[in-house]
Amino acid sequence: MATDTPLRPADSAAFDDDRSSQSRPAPPASGWAPRLRRLIGIEEGLLAWVPEERPRYTWYGALVVNTALLGAVSMVLALSSFRSDLPLAAVLVVAVLWFWVILALDSWLVSSTHGTAVRKWTLLVRFFLSVLLGLFIAEPILFQIFDKEIRQEIAVGNEQKVADYRGMLVSCNPTDGASTTGRPECARYQLKVAGSPAELARQIKSNGDRAAALRTQVADINKTLNDKLDTEQRLCGPKYWIVRNGVRDVTITCERARKATSEYEDNSKIRTYEEQLKGLVAKGQQLSARKDEAADEYQPLLQKAVDDKTRRRAADLDTDGILTRAHGLKEVAGSDGFALFLTIVLHLLLLCLDAMPVLAKVLSGATSYDTLLGARHRTSRRLYAEELEVQHTCARLEHDVRRHRVQLDTADRMSRLDQEHQRAQAERAAAERAELEERMERIMRTRGANTPV
């Protein structure tokens, strides 16, 4: 009979027609697999209803860990390439932190895709974030793969830059010391080397101009001084002598002329100017002698200055910077078709590896676990809505009870107030009647006493 058939709980029903198959839910799993699944937000209790999905999500978690490990390796390669001065401990600490950041980000990206309610555009946004993250992870690995070619390209480029720089130095600093200030392209390449023939020629010309100006000034002073001396000699001559106290002497005009000549000689500083003129003449002779020797001495000095500037330029060129290596990778890819093809293929491969956690979700679509999770989400929302409705109903009933209690209490209080009011009115009426009766008795007594017998 049907009543004799034993009943089984719903959660122990067989998954298929084979009664010997595994029942639902499956026994809990142990080992490292649940930890991998926990990284991507999988609930083991819900997954126990579809245990055939366990391998999928286990390897799904392994993909997330592999991506984080790839990011850590990429960070180690980047730091060792761009910051070789960092100690190994600092590199490892940064790599571990970057591993954790990538792991947390990918775990969030994957765990937020579980369930059938995930929209396609949200998956595309997550995939875009994964691609950006993959670009950052892939570049250091590509730099390491093409390290030899990139270094060779950087070395060739730096040699060309140094050669161009040296060529501009030689062009903008001729061996004769001629000025190149009129050439705009030479504004950053002009060298200051002492003792150039052109510089000495400019110094000789400047010294000659100053000597000529000073010679003209000295000649003018000497002419004026000679005129004063001629005047002094004329006024102090025997023709103008006078007899004073029996002795022949010069006149006061002669003495004034002598005093004027002496004062002019002192105030004009003719001796100082003559000494300066002698110094300028001697300096001009020295500069002329140096100019004759400068042609042989200037060229080695200029060559040394050019070599020093070229050496400093070569030392200042970057060889390991991220932008320099990126430019080198571009040059390597652009110079050879196979290198370009290999670069594109490696870029796509590394991007796919980095974006694989989200890409796997896009490719696999909704799974049985997603269906159960979506059903539980819907059930949870429905239960929550029903719980809210129950709470609302209970609250409304509670409010009705409180309102009815208030109404009853109000009616009772109003009844007591009415009774008290009626009792007060009755008491006032009784008091008024008693007072009237007393007044009537008093009036009657008064009338009876006034009536004659």
Side-chain angles (χ1 to χ4, degrees), residues 26 28-79 91-145 345-374 376-377:
S30 59
W32 54 269
R35 294 184 177 89
L36 289 177
R37 294 193 292 267
R38 194 177 301 118
L39 287 176
I40 56 175
I42 298 298
E43 299 184 17
E44 292 296 321
L46 186 60
L47 190 62
W49 290 92
V50 281
E52 62 276 2
E53 297 285 351
R54 284 177 175 174
R56 177 201 297 267
Y57 286 105
T58 300
W59 291 113
Y60 209 168
L63 281 178
V64 173
V65 175
N66 290 338
T67 303
L69 288 174
L70 189 63
V73 172
S74 173
M75 181 58 68
V76 171
L77 294 176
L79 292 178
V91 173
L92 293 179
V93 169
V94 174
V96 170
L97 292 177
W98 186 241
F99 168 81
W100 169 250
V101 169
I102 301 299
L103 182 64
L105 184 58
D106 281 342
S107 297
W108 171 76
L109 288 174
V110 172
S111 62
S112 60
T113 61
H114 297 321
T116 56
V118 179
R119 298 179 177 87
K120 295 296 183 183
W121 67 269
T122 59
L123 289 177
L124 292 178
V125 172
R126 291 180 177 90
F127 180 71
F128 178 71
L129 293 176
S130 299
V131 169
L132 290 181
L133 189 61
L135 286 174
F136 188 81
I137 294 176
E139 289 305 314
I141 298 177
L142 284 173
F143 291 157
Q144 197 65 28
I145 293 175
V345 170
L346 288 176
H347 260 105
L348 293 177
L349 177 61
L350 292 174
L351 285 178
C352 289
L353 289 177
D354 296 331
M356 186 55 69
V358 176
L359 188 61
K361 185 65 179 182
V362 176
L363 295 177
S364 62
T367 63
S368 300
Y369 175 82
D370 292 325
T371 303
L372 294 180
L373 185 61
R376 195 177 74 170
H377 287 169

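Predicted, not measured: the structure shown is a model, and the values here were computed from it.
Considering only residues two or more places apart in sequence or on other chains, R38 meets the side chain to side chain contact (heavy atoms under 4.5 Å, CB included) condition with P34, R35. Looking at residues two or more places apart in sequence or on another chain, you find no side-chain hydrogen bond (donor to acceptor under 3.5 Å, both in side chains) involving S107. For the side chain to side chain contact (heavy atoms under 4.5 Å, CB included) test, residues two or more places apart in sequence or in another chain that qualify with L97 are V93. Residues passing the side chain to side chain contact (heavy atoms under 4.5 Å, CB included) test with W32 are L36, T58, sequence neighbours excluded. R376 meets the salt bridge (charged side-chain N to carboxylate O under 4.0 Å, His left out) test with E43; sequence neighbours excluded.
Rounded to the nearest 0.5 Å, atoms CZ (R37) and CD (E44) are 4.0 Å apart. Distance CH2/W49 to CG/L373: 15.0 Å, rounded to 0.5 Å.
In this structure a side-chain-to-backbone donor-acceptor pair under 3.5 Å is missing from S74 to L70.
In terms of heavy-atom proximity, Y57 sits nearest to I40 at O-CD1, 3.5 Å. Listed here is the closest heavy atom pair of V65 and F99: O-CE1, 4.1 Å.
For the salt bridge (charged side-chain N to carboxylate O under 4.0 Å, His left out) condition, the pairs that include at least one residue of residues 55-66, sequence neighbours left out, are E53-R56. Pairs passing the salt bridge (charged side-chain N to carboxylate O under 4.0 Å, His left out) check and including a residue from residues 64-75, sequence neighbours excluded, do not occur.
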